[in-house]
Amino acid sequence: MSTQSQCQRFRIGYALAPKKGQSLIQPSLLTKASERGIDLIPIDPIKPLVEQGPFDCIVHKLYGPDWTRQLQQFSSQNPNVPIIDSPDSIERLHNRISMLEVVTQLKLHFDNEKFGVPNQVVVSEMKSLTSIEDLKLTFPVIAKPLVADGSVKSHQMYLIFDSQGLESMTAPFVLQEFVNHGGFIFKVYVAGMNVKCVKRKSLPDISEEKLKSLKGFLPFSRISNLIDNDKKVHDDGKKNSQGDEVDLESVEMPSQSFLCELARGMREALGLNLFNFDVMRDARDSNRYLIIDVNYFPGYAKMPGYESIMTDFFLQVLHKSAVGVTE
Ligand SMILES: Nc1ncnc2c1ncn2[C@@H]1O[C@H](COP(=O)(O)OP(=O)(O)OP(=O)(O)O)[C@@H](O)[C@H]1O
Ligand SMILES: O=P(O)(O)O[C@H]1[C@H](OP(=O)(O)O)[C@@H](OP(=O)(O)O)[C@@H](O)[C@@H](O)[C@@H]1OP(=O)(O)O
Ligand SMILES: [Mg+2]
Ligand SMILES: [Mg+2]
């Protein structure tokens with residue numbers, strides 16, 4: 001998109017929790033957006049949205065019936081102003097089953113790559129829990145909260161090694177098979193048509209040998225949320241299952257065309273513009289990719305060059321909206 005002429009400026013309102021606003025709306029983003037004709041304006045969630053503005057677009061990551069009502073009222077008075085994204089579409093990512101169902105329903109085919117999700121089941125109540133074999137899973141498994149609503153507890157997980165560990169859990173939770181994947185994951189950030197893949201540290205592989213010595217369960221949370229500054233994946237044993245240290249730098253990225261096509265499919269199926277998804281490369285088959293998590297409006301500021309990517313996205317939305325109006 002060319003730089004906007006000085007006379008034509010766009011106003012994008014953003015409604016974010018204070019901590020999120022501070023991490024995303026950095027001076028570098030404000031400057032980049034302004035240079036390209038966009039003013040990013042904070043929305044006060046306490047005041048009526050319809051009394052704020054005018055806006056050419058709204059981006060948000062707030063939840064709750066009152067905020068949804070505010071968005072509906074604003075949309076009814078401003079039907080041509082894009083709301084990024086619709087609360088109904090976002091809601092699908094707040095459940096760890098529905099967030100991945102979309103992936104299993106994608107009708108995409110690639111020459112080399114295979115993709116899917118790990119085997120998983122919902123345990124709604126402990127009394128229905130029988131054996132791991134009945135669940136058609138094998139240890140180790142990961143217990144993840146069924147609800148992924150952004151609360152701290154929605155990121156609290158447990159690596160489970162045996163039936164004793166399983167019986168220690170509190171339902172409801174999703175039980176997902178643990179797949180060895182080399183101690184790193186790919187985090188694929190999507191902002192409209194813009195797709196950016198980064199590498200992050202992950203749980204280390206668990207060899208059959210090591211599994212024999214592991215008992216009960218091991219709690220963990222948000223291990224892939226931080227950026228590895230030294231580009232190395234360090235696990236507790238400092239070695240992956242092959243016995244050598246994993247160097248993120250040496251990890252080969254999946255093909256960009258595969259990721260872009262996967263992102264396009266998810267974007268259309270989810271009806272969302274702003275999300276990322278975590279992808280593991282199966283340690284047993286380097287062409288097999290497993291999607292394990294989809295997050296709404298993630299931490300884009302951790303993405304290299306996020307200022308240009310976000311501004312490109314904003315301009316694409318504004319252009320589409322302007323063309324839509326004249327059509
Ligand atoms: N099925 C799996 N097999 C192996 N490792 C896994 C699996 N699922 C999750 N992990 C590891 O646990 C980490 C956290 O899992 P997940 O991404 O589902 O949690 P989250 O709290 O939603 O994370 P985020 O901060 O990305 O939202 C993953 O990044 C990966 O390192
Ligand atoms: O800041 P937020 O509350 O949006 O936290 C999001 C967090 O971004 P940040 O921690 O860098 O900000 C994201 O990390 P990356 O995937 O980008 O690594 C991811 O963990 C999301 O799941 C979180 O959203 P939530 O699931 O909790 O709603
Ligand atoms: Mg994740
Ligand atoms: Mg997540």
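In listed order, ligands and their atoms are each counted from 1.
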Between the Mg ion (ligand 4) and Asn295, is there an N, O or S atom separated by less than 2.8 Å? yes
Are any of the N/O atoms in Asn225 less than 3.5 Å from those in ligand 2? yes
Ligand-side contact atoms (ligand 2) for residue partner Lys20, heavy atom cut-off under 4.0 Å: 1 (O), 2 (P), 4 (O)
Which option out of Gln22, His155, Lys187 puts a heavy atom nearest to atom 16 (O) of ligand 2? Lys187
Does one side chain, of Ser151 or Asp149, offer a donor that lies under 3.5 Å from an acceptor on the other? yes
Which pair of heavy atoms, one from His60 and one from Ile90, lies closest together, and at what distance? CE1-CD1, 3.9 Å
Close N or O approach (Ser224, ligand 2; < 3.5 Å): no
Will you find, in the side chains of Arg96 and Ser154, an N or O donor that is under 3.5 Å from an N or O acceptor? no
The atom of Asp278 among N, O or S that is nearest the Mg ion (ligand 3) is OD2
If you check every N/O/S atom of Asp293, which is the one nearest the Mg ion (ligand 3)? OD2
Counting only heavy atoms closer than 4.0 Å, does ligand 2 sit against the backbone of Asn276, its side chain, both, or neither? side chain
Under 4.0 Å, heavy-atom basis, I'd like to know which part of Asn295 is in contact with ligand 2: side chain, backbone, both or neither. side chain
For ligand 2, is there an N or O atom under 3.5 Å from any N or O atom of Gly299? yes
Carboxylate-amine/guanidinium proximity below 4.0 Å for Lys114 and Asp285: yes
Between Val294 and Met99, the two heavy atoms sitting closest are N-SD, 3.3 Å
Of all the atoms in ligand 2, which lie at a distance below 4.0 Å from a heavy atom belonging to Phe297? 4 (O)
Under 4.0 Å to a heavy atom of Lys61 - the qualifying atoms of ligand 2, by number: 2 (P), 4 (O), 24 (O), 25 (P), 28 (O)
Just by distance, with hydrogens left out, do Glu101 and Asn95 show a side-chain donor and acceptor under 3.5 Å apart? no
Is there a donor in the side chain of Glu307 and an acceptor in the side chain of Ser28, or the other way round, less than 3.5 Å apart? yes
Does the ring-ring contact (aromatic ring centres under 6.0 Å, His included) test come out yes or no for Tyr63 and His94, once each step is laid out? CA-CA 11 Å; Tyr63 303 122; His94 289 170; 4.6 Å; yes
For atom 17 (O) of ligand 2, tell me which residue out of Phe275, Tyr63, Tyr189 has the closest non-hydrogen atom. Tyr189
Under the ring pair (Phe, Tyr, Trp, His ring centres under 6.0 Å) definition, can you give me all pairs with a residue in residues 140-175, not counting sequence neighbours? Tyr158-Phe217
Nearest option to atom 5 (O) of ligand 2, as decided by whichever heavy atom of His94, Arg222, Arg200 sits closest: Arg222
